[in-house]
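Worksheet: the structure to be examined is printed underneath.
The sequence lines fix the lettering, A, B, ..., with proteins before strands; numbering per chain opens at 1. It should be emphasised that the depicted structure is a prediction, and the values quoted were computed from it without experimental measurement.
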Number of protein chains: 2
Amino acid sequence: MKPAAIAAREDASVAEPAYVLEDQVGHLLRRAHQRHAAIFQEMIGDAQLTPLQFAALVKLNDLGEVSQNELGRRTAMDAATMQGVIKRLLARGLIDRKPDPEDRRRVVLSLTADGGRLIAAAMPNGHAITDETLAGLSDAERRAFLSLLKRLA
Amino acid sequence: MKPAAIAAREDASVAEPAYVLEDQVGHLLRRAHQRHAAIFQEMIGDAQLTPLQFAALVKLNDLGEVSQNELGRRTAMDAATMQGVIKRLLARGLIDRKPDPEDRRRVVLSLTADGGRLIAAAMPNGHAITDETLAGLSDAERRAFLSLLKRLA
DNA sequence: ACGCGCTTGTTTGTGTACAAACGATTTTCG
DNA sequence: CGAAAATCGTTTGTACACAAACAAGCGCGT
């Protein structure tokens with residue numbers, strides 16, 4: 001038998017646990033992501049980059065030359081999303097694009113001198129943004145949170 | 001002094017810590033959110049709801065009648081995003097919309113009978129989706145993760 | 001009563017996010 | 001070798017996400 005206190009709380013209603021929106025991972029992930037995006041925009045400075053543009057430039061800086069799809073995989077963007085991001089970075093002259101001689105389906109992307117300078121200058125802001133996003137947590141909590149978050153991603 | 005092994009690794013380069021995209025909260029939050037969205041779509045079933053539509057219906061079910069902006073606040077959507085979500089739910093006949101007699105700026109939203117049935121039927125899926133999203137974590141880890149995540153949101 | 005500020009809902013414009021379908025290639029395998 | 005399968009980049013259509021600007025209405029203080 002159930003204790004009376006619990007039976008009473010269930011009374012006329014069903015036995016299912018309530019669905020509390022504020023407690024769902026999905027909702028919380030969405031809100032945390034929103035907050036991070038706001039912090040990003042506020043702290044990225046005159047570079048005027050979006051999180052995805054920043055990610056693409058960072059990876060391009062790491063890798064030197066890559067195909068468009070490969071860069072998409074490395075930054076977790078699908079091919080269609082990539083189109084827009086690349087288009088805007090090209091329009092601003094931050095990246096270069098040329099056909100791959102080895103594979104005629106591919107294009108090879110790389111940073112321009114401007115793009116290299118801009119991403120080098122923006123890197124410290126990236127760290128500051130991460131820091132501000134985690135501002136509410138202690139060092140130990142940050143490590144714990146990031147390690148759990150990695151296992152969900 | 002730094003140990004030689006570390007000095008060697010830094011050699012010609014700068015002393016700044018590398019910016020590793022895969023370790024940044026923003027990137028991890030984005031990926032976790034992507035994964036959750038994929039799970040949601042896969043498990044929501046024939047209800048054919050997006051996460052935001054689901055959230056709006058759940059809150060509407062909790063609150064009974066609310067204005068559009070109020071509902072937006074409760075579900076963390078801005079007014080412009082709200083437009084689209086409400087428009088689609090109206091088109092499917094899941095919610096109702098009428099002017100507020102007390103305040104002619106407002107509209108009052110509520111569930112239709114269809115909307116009520118649909119969200120009641122979809123609720124268990126919501127719990128299953130949350131569960132699947134956290135599948136990699138133990139019970140203790142889930143609690144720890146959610147409590148840290150709440151502090152970031 | 002009047003004016004000023006705030007809220008409500010809407011529109012427009014930019015930027016993710018992804019499914020689905022496509023043509024052009026390249027690769028794989030029978 | 002040659003056909004089927006896989007990959008590359010693109011387009012289209014739907015759905016968030018938010019800034020900015022707007023008209024209409026409410027409410028407060030003087």
Side-chain angles (χ1 to χ4, degrees), chain A residues 26-27 29-42 44 47-57 65-92 95 97-109 153, chain B residues 26-27 29-42 44 48-56 65-92 95 97-109 153:
Chain A
H27 185 70
L29 282 172
R30 181 168 154 270
R31 300 222 296 132
H33 183 250
Q34 282 176 349
R35 175 164 163 272
H36 173 265
I39 291 171
F40 190 99
Q41 201 201 352
E42 179 184 316
I44 192 58
Q48 285 285 133
L49 294 171
T50 66
L52 285 214
Q53 290 168 9
F54 185 82
L57 293 181
E65 298 198 328
V66 234
S67 72
Q68 192 166 308
N69 276 7
E70 173 74 6
L71 184 59
R73 266 174 246 122
R74 306 281 199 135
T75 51
M77 306 181 211
D78 75 21
T81 300
M82 213 53 184
Q83 290 289 126
V85 174
I86 293 303
K87 190 183 62 179
R88 288 181 275 275
L89 292 175
L90 277 171
R92 289 175 59 182
I95 61 176
R97 181 194 170 86
K98 59 180 195 200
D100 183 336
E102 317 244 309
D103 186 334
R104 278 183 302 168
R105 292 169 304 179
R106 292 189 186 169
V107 295
V108 177
L109 303 176
Chain B
H27 185 69
L29 283 173
R30 182 169 154 271
R31 300 222 296 132
H33 184 251
Q34 280 176 352
R35 175 164 162 273
H36 174 265
I39 291 171
F40 189 100
Q41 201 201 351
E42 179 185 315
I44 193 58
Q48 285 285 130
L49 294 171
T50 66
L52 285 216
Q53 290 168 9
F54 185 82
E65 298 199 328
V66 236
S67 73
Q68 192 167 309
N69 275 9
E70 174 74 7
L71 184 58
R73 266 173 245 123
R74 306 281 200 134
T75 51
M77 307 182 210
D78 75 21
T81 300
M82 213 54 184
Q83 289 289 127
V85 174
I86 294 303
K87 190 183 63 179
R88 287 180 276 275
L89 292 175
L90 277 172
R92 289 176 59 183
I95 62 176
R97 180 193 169 86
K98 58 178 194 200
D100 184 335
E102 317 247 309
D103 186 335
R104 279 184 301 167
R105 291 168 305 179
R106 292 191 187 169
V107 296
V108 177
L109 303 177

### Task
Can you sort out the partners of A:H33 under ring-ring contact (aromatic ring centres under 6.0 Å, His included), two or more places apart, ordered by chain and number?
B:H33

## Note on the structure
Looking only at heavy atoms, the pair that brings A:R31 and B:A153 closest together is CB-CB, 3.8 Å

### Message
Under 4.0 Å from OP1 or OP2 of C:dT16: is there any side-chain N or O of B:Q34 that close?
### Response
no

#### Entry: Residue-phosphate contact under 4.0 Å: A:N69 side-chain N/O, D:dT7 OP1/OP2
no

### Summary
Across all chains, not counting sequence neighbours, the side chain to side chain contact (heavy atoms under 4.5 Å, CB included) partners of B:A37 are none

### Task
Provide, to the nearest angstrom, the distance between the CD atom belonging to B:E102 and the C1' atom belonging to D:dC26.
13 Å

### Message
Just the rounded figure in Å: distance from P of C:dT7 to CG of B:D100.
### Response
17 Å

### Task
Mind checking side chain to side chain donor-acceptor pair (under 3.5 Å) for A:R97 and listing every partner two or more places apart, or none if nothing turns up?
A:Q68

### Message
I need the CG-C1' distance between A:L29 and C:dA17, as an integer number of Å.
### Response
16 Å

## Note on the structure
What residues 82-89 of chain B contributes to the DNA chain D interface at heavy-atom separation below 4.0 Å is B:V85, B:R88

### Query
Which one, D:dC8, C:dT10, D:dT10, comes nearest to the side chain of A:R73?
D:dC8

### Summary
Winner on side-chain proximity to A:T50, out of C:dG15, C:dA17, D:dC16, is C:dG15

### Query
In whole Å, what is the span from the CG atom of B:L52 to the P atom of D:dT14?
18 Å

### A:Q41 CD - D:dA20 C1' separation (whole Å)
12 Å

## Note on the structure
5' to 3', nucleotides 20-25 of chain C under a 4.0 Å protein heavy-atom cut-off (B base, S sugar-phosphate only, - none) gives ----BB

### Query
So do B:Q53 and B:L89 actually touch side chain to side chain, heavy atoms under 4.5 Å?
yes

### Test side chain to side chain donor-acceptor pair (under 3.5 Å) applied to B:Q41 - qualifying residues, sequence neighbours left out
none

### Message
Taking the nucleotide of DNA chain D with the nearest heavy atom to each, does A:R30 or A:E70 sit closer to the 5' end?
### Response
A:E70

### Task
Whole angstrom is fine here: how far is it from CG in B:D78 over to P in D:dA21?
16 Å

### Query
Taking only residues two or more places apart in sequence or in another chain, which ones pass side chain to side chain donor-acceptor pair (under 3.5 Å) with B:R73?
B:E70

#### Entry: Candidates D:dT10, D:dC16, C:dC18 - which lies nearest the side chain of A:T81
C:dC18

### Task
Write down the distance between CG (A:L109) and P (D:dC8), rounded to a whole number of angstrom.
13 Å

### Rounded interatomic separation in angstrom, taking CG from A:L71 and P from D:dT7
18 Å

### Task
Can you sort out the partners of B:D78 under side chain to side chain contact (heavy atoms under 4.5 Å, CB included), two or more places apart, ordered by chain and number?
B:A80, B:T81

## Note on the structure
With sequence neighbours left out, the residues meeting side chain to side chain contact (heavy atoms under 4.5 Å, CB included) with A:D103 are A:D100, A:R105, A:R106

### Query
Does a side-chain heavy-atom distance below 4.5 Å link B:L49 with B:R92?
yes

### Message
If you assign each of A:R97 and B:M77 to its closest nucleotide in DNA chain D, which residue comes earlier from the 5' end?
### Response
A:R97

